[in-house]
Amino acid sequence: MAESLWLLVVFGGPVIMGLFFFYALMRRRKRTERAERPQGEQVTKEMYRKDATEGDRTKPPEY
């Protein structure tokens, strides 16, 4: 009986911890995407507008 309990602790513990970390990572990623997506789209549109109205099109952009 003690051997099977020890086997469960040694192999089950890391599996449960891995599943927990995977779940937490997926939840965090979804929150981040939802929070950053509208802001990122707005910044991208502003950059395209700025690029369309400014600058000389005959020479390559300077970074």
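Just so it is clear, the values below take in all heavy atoms, side chains as well, and ignore hydrogens, waters and symmetry mates.
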*Asks:* When clusters are formed from ILVMFWY side-chain contacts under 4.5 Å, directly or step by step, what else is grouped with Phe11?
*Replies:* Trp6, Leu7, Val10

*Asks:* Tell me every residue that passes side-chain contact (heavy atoms from CB on, under 4.5 Å) with Glu3, counting only those two or more places apart in sequence or in another chain.
*Replies:* none

*Asks:* Going by side-chain heavy atoms closer than 4.5 Å, which hydrophobic residues are tied to Met17, directly or by a chain of links?
*Replies:* Phe20, Phe21

*Asks:* Hydrophobic cluster mates of Tyr23, side-chain heavy atoms under 4.5 angstrom, ILVMFWY only, any path?
*Replies:* none

